[in-house]
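Here the structure comes first, spelled out in structure tokens, and everything after it is commentary.
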There are 2 protein chains.
Amino acid sequence: MESLSPTAYVILGMVHKEPRSGYEIKSIVDNTTRFFWAASYGQIYPELKRLSEAGLVVGADAPTGGRRRTVYEITADGEEELVAWLRQPPVTFEMREEGLLKLFFADALPREEVPGILRAMREHRLAANEKLRAMEPMAQEKDDPFPLLVLRGGLEFTEWFADWCERMEAQILAAAAKPPPPRKGAADV
Amino acid sequence: MESLSPTAYVILGMVHKEPRSGYEIKSIVDNTTRFFWAASYGQIYPELKRLSEAGLVVGADAPTGGRRRTVYEITADGEEELVAWLRQPPVTFEMREEGLLKLFFADALPREEVPGILRAMREHRLAANEKLRAMEPMAQEKDDPFPLLVLRGGLEFTEWFADWCERMEAQILAAAAKPPPPRKGAADV
DNA sequence: TAGAGATATATCGATCCGATATATCTACGC
DNA sequence: GCGTAGATATATCGGATCGATATATCTCTA
């Protein structure tokens, strides 16, 4: 059998404790893992079928009234697959951060506008921090301590990042205030 | 005109200071922005054509011997477009982190195996830190200070993250050592 | 009882990613 | 001079992913 896509493991993890429908999985992902691992309907529904064919989950009809609905439960094989994956060292680490990209190209901007990038980045991170903070009570209710651990990691991370932006802004302002360092033309083309 | 994809701005930024070929752009991206904004050939070459048609860059034949080669230079319109984008607050912030995903589902693992996840995450971050550190001399040579600023942000981030992993590992070990907290069955199904 | 919003599944186009095919160049060993 | 390994250069493909939306049924509320 070909190896599973990482998204497959999100699904296995999501149905590990209780059977869930594709819709439920999507809702939970959007409220939890999406900050470090997202999944769309276009991945979830086909993946559930594949996992079902591979015998790692089993679907059961569970209609709500006349609306068809399938809840998927993990199998012993699926459980084994999930645990084996959890034991492997992590591989994927990716980031797409428009703020850092802008900062990287900031030399194309007049120097006095650069602190604005860092200020915007900082505000962006603080807004994210508030969103995460609003989710904390929900995570605290759960018996499983790990989602809360991860959430608090997210909180700490956004705070660290916001602080870094503040420090870099101060550093740039300080450098601009004191000695106008000898630089060859740029940003003033 | 429809708005440009974020990848288009990477390209505009990359050709902002000097004309470059698609191949050069790819190499530079792989050595710099890829940690927070990647781009593949499959994006770069078609995008260069689109930007050229939109008049934001101009291509010029610059063959090396009998091997055809096109270098692209930014136009006044392209410059304007780039600067206007730099002035907008950042929107995209995405992460795909397999380690956090595993930690999130760690309840499916026997408790004594959880520290191993954090240890592996920490090692992963430290390895990334070393890769970044190896790039520092190159960034220091440049006249443009912002790539170095961003790189040092990456160094600090990987260090913060590695430290967080260490602290969380210690926390879990401490919690396991002292009071076996009353938990309903899980991880032992 | 009409309508808004949640539940549920499915799918589409655009984007993105990794890998590879093709071709030409340079550098090096022999 | 010859072969070849690796860099340069462009192009493209399949698969994964993303965001949005179509369709249908349910529940809740004004």
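Just so it is clear: chains get the letters A, B, ... in the order the sequence lines come, proteins before strands, and each one is counted from 1.
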Could you tell me how far apart B:Tyr45 (OH) and D:dT8 (P) are, to the nearest whole angstrom?
12 Å

Nucleotide D:dT17, atom C1' - distance to CG of A:Asp30 in whole Å:
14 Å

Ignoring hydrogens and geometry, is there a side-chain-to-backbone donor-acceptor pair from A:Asn31 to A:Ser27 under 3.5 Å?
yes

Base, sugar-phosphate or nothing for A:Thr70? Non-hydrogen atoms, less than 4.0 Å.
sugar-phosphate

Taking DNA chain C as the partner, which of residues 59-68 of chain A come within under 4.0 angstrom of it by heavy atom?
A:Thr64, A:Arg67, A:Arg68

Round to a whole Å and report the spacing from CD of A:Glu47 to P of C:dT11.
15 Å

On the six-membered ring of B:Tyr23, is B:Arg69 placed so that its NZ or CZ lies under 6.0 angstrom from the centre and within 45° of the ring axis?
no

Centroid-centroid under 6.0 Å between A:Phe105 and B:Tyr9 rings
no

Report the distance from atom CD of B:Glu94 to atom P of C:dT15, rounded to the nearest whole Å.
14 Å

Kindly say whether the aromatic ring centers of B:Phe157 and A:Trp160 come within a distance under 6.0 Å.
yes

Without swapping roles, check the side chain of A:Asn129 against the backbone of A:Leu155 for a donor-acceptor pair under 3.5 Å.
yes

Under 3.5 Å, is there a donor-acceptor pair between the side chain of B:Arg96 and the main chain of A:Glu94?
no

Under 4.0 Å between a side-chain N or O of A:Thr7 and OP1 or OP2 of D:dA16?
no

To the nearest Å, give me how far apart OH (A:Tyr23) and C1' (C:dT11) are.
17 Å

For B:Lys26 and C:dC16, give me the distance from atom NZ to atom C1', rounded to whole Å.
11 Å

D:dT17 P sits how many Å from A:Ile44 CD1, rounded?
11 Å

Taken to the nearest whole Å, CG/B:Leu48 to P/D:dT10 is 9 Å

Go through residues 31-43 of chain A and report each residue with a non-hydrogen atom lying under 4.0 Å from DNA chain C, sorted by number.
A:Tyr41, A:Gly42

Kindly say whether A:Pro90 contributes a backbone atom to a donor-acceptor pair with the side chain of B:Glu98 at under 3.5 angstrom?
no

Nearest heavy-atom approach of B:Arg68 to B:Pro63 is CA-CB, 4.3 Å

Any donor-acceptor pair under 3.5 Å from A:Glu123 side chain to A:Ala120 backbone:
no

5'-most by nearest nucleotide on DNA chain D - B:Arg96 or B:Tyr72:
B:Tyr72

